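I have placed the structure first, in the form of structure tokens, so that the comments after it can refer back to it.
In what follows, chains carry the letters A, B, and so on, assigned in the order in which the sequence lines appear, proteins first and then strands, with residues in each chain numbered from 1. Only a predicted model underlies this, so the values are computations on that prediction, with no experimental measurement involved.
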2 protein chains.
Amino acid sequence: MGLRPTRQRVALAGLLFRQGDRHVSAESLHDEVTKAGFEVSLATVYNTLHQFTEAGLLQQVVVDAGRSYFDTNIGDHQHFYYADEGELIDIPGAAIAIAGVPTPPKGTAVERVDVIVRIKRA
Amino acid sequence: MGLRPTRQRVALAGLLFRQGDRHVSAESLHDEVTKAGFEVSLATVYNTLHQFTEAGLLQQVVVDAGRSYFDTNIGDHQHFYYADEGELIDIPGAAIAIAGVPTPPKGTAVERVDVIVRIKRA
DNA sequence: CAATAGATTAGAATTGTTCTAAGAACGGAA
DNA sequence: TTCCGTTCTTAGAACAATTCTAATCTATTG
Ligand SMILES: [Mn+2]
Ligand SMILES: [Mn+2]
Ligand SMILES: [Zn+2]
Ligand SMILES: [Zn+2]
């Protein structure tokens, strides 16, 4: 699965990786690439985000039923999720310590431990 | 918001709370209630699951883009998620210890900390 | 320069979820 | 007990997020 540097993929990669760490939804990235003057369908944005994820360039973070983000920060870290604003905020991996994860069921291995700290207007 | 014991709600509550702890999707519960001989629309199953959640009888667990479960175990606990089988397995709350959650942004407070241990065929 | 295999794209289809408005149940007044 | 305003309930329709599929494009090989 060699990813060719097509017009669509180059445009999306440019937006995703130019600046620092980003949390984007498929929809928001599609808006962005469209406003930047490129013609890319939303389906292609999804395809590309999944391909980049599979290639290890992105991480997918699922926060709500029917709402997921793609994260350019692929290092070990966790998230605050502020549902009122639909906003994801990074928590450095070093900050949170998770102890006591039990042995997973036979025949399986731990792939990733996701922590979402749900926050609310106080 | 007094919930009336309607035919639909009584049927759903019966299925949800008869046996031990359960993780159901709206779709799977709808199948179940239909097979049990009741006529309840899928929209009503969603309504009811959300009402029960708001009433503190259920917890919603979001695992994948477009896949969420409702959990009759409302105590403090966490989950293994076995994506290959779409299966959620409880981890007792006492097992996992989470330390070092940073202070949330000003004006917000922590509502809940969700931990999902994603497991894979080894 | 074919011919072929593999990759790409986006429209269409599907899935999961929420909204809305018509009807049903309730409670108070007469 | 009947009427009536109010609140609650339900499910069809609408919507939103995501995935599928097949037509098209690209690369590779002879
Ligand atoms: Mn989105
Ligand atoms: Mn479902
Ligand atoms: Zn992040
Ligand atoms: Zn559970």
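As judged by a 4.0 angstrom heavy-atom cut-off over every strand, B:A43 is placed among the base-contacting residues. Residue A:T6 is classed as a sugar-phosphate contact, given heavy-atom separations below 4.0 Å to backbone atoms only.
A:L29 places its CG atom 13 Å from the P atom of D:dT18, with the value rounded to the nearest Å. B:N47 has its CG atom 9 Å from the P atom of D:dA11, to the nearest Å. Summarising the geometry, the separation between CG on A:D64 and P on C:dT18 is reported as 9 Å, rounded to the nearest angstrom. Atom CD in B:E27 sits about 9 Å away from atom C1' in C:dT15, given to the nearest Å. D:dG12 atom C1' lies 14 Å from atom CD of B:E39, rounded to whole Å. In this structure, the CD atom of A:E54 is 13 Å from the P atom of C:dA7, given to the nearest Å. As rounded to whole Å, 10 Å separates atom P of C:dT17 from atom OH of B:Y69. The distance from atom CZ of A:F38 to atom P of C:dA10 is 13 Å, rounded to the nearest whole Å.
The ring-ring contact (aromatic ring centres under 6.0 Å, His included) pairs that include a residue from residues 14-43 of chain B are B:H23-B:H79, where partners are two or more places apart or lie in different chains.
Listed nucleotides: C:dA7, D:dC8, D:dT19. Nearest to the side chain of B:R9: D:dC8. In the set C:dT8, D:dT18, D:dA11, D:dT18 carries the atom at the smallest distance from any side-chain atom of A:L42. Nearest to the side chain of A:Y46, among C:dT17, D:dT18, C:dT18, sits D:dT18. Set against C:dA25, D:dT19, D:dA17, the side chain of B:R4 has C:dA25 as its closest nucleotide. In this structure, of C:dT8, D:dT10, C:dG16, it is C:dT8 that holds the atom nearest to the side chain of A:L3. In this structure, of D:dA11, D:dT18, C:dG11, it is D:dT18 that holds the atom nearest to the side chain of A:S68.
Using modelled atom types and a 3.5 Å distance limit, the side chains of A:S68 and A:Q60 yield a donor-acceptor pair.
B:I98 and A:I91 fall within a single hydrophobic cluster, where Ile, Leu, Val, Met, Phe, Trp and Tyr are joined by side-chain heavy atoms under 4.5 Å apart, directly or via other members.
Map A:H50 and B:V40 each onto its nearest nucleotide of DNA chain D; the residue landing nearer the 5' end is B:V40.
For A:Q51, no side-chain nitrogen or oxygen approaches OP1 or OP2 of C:dA7 to under 4.0 Å. A:T44 has a side-chain polar atom (N or O) that falls below the 4.0 Å cut-off from OP1 or OP2 of C:dA10.
In terms of the side chain to side chain contact (heavy atoms under 4.5 Å, CB included) criterion, residue partners of B:I89 (sequence neighbours excluded) are, by chain and number, A:P105, B:F80, B:E87.
The pair A:R22-A:E32 meets the salt-bridge criterion, since a charged nitrogen lies less than 4.0 angstrom from a carboxylate oxygen.
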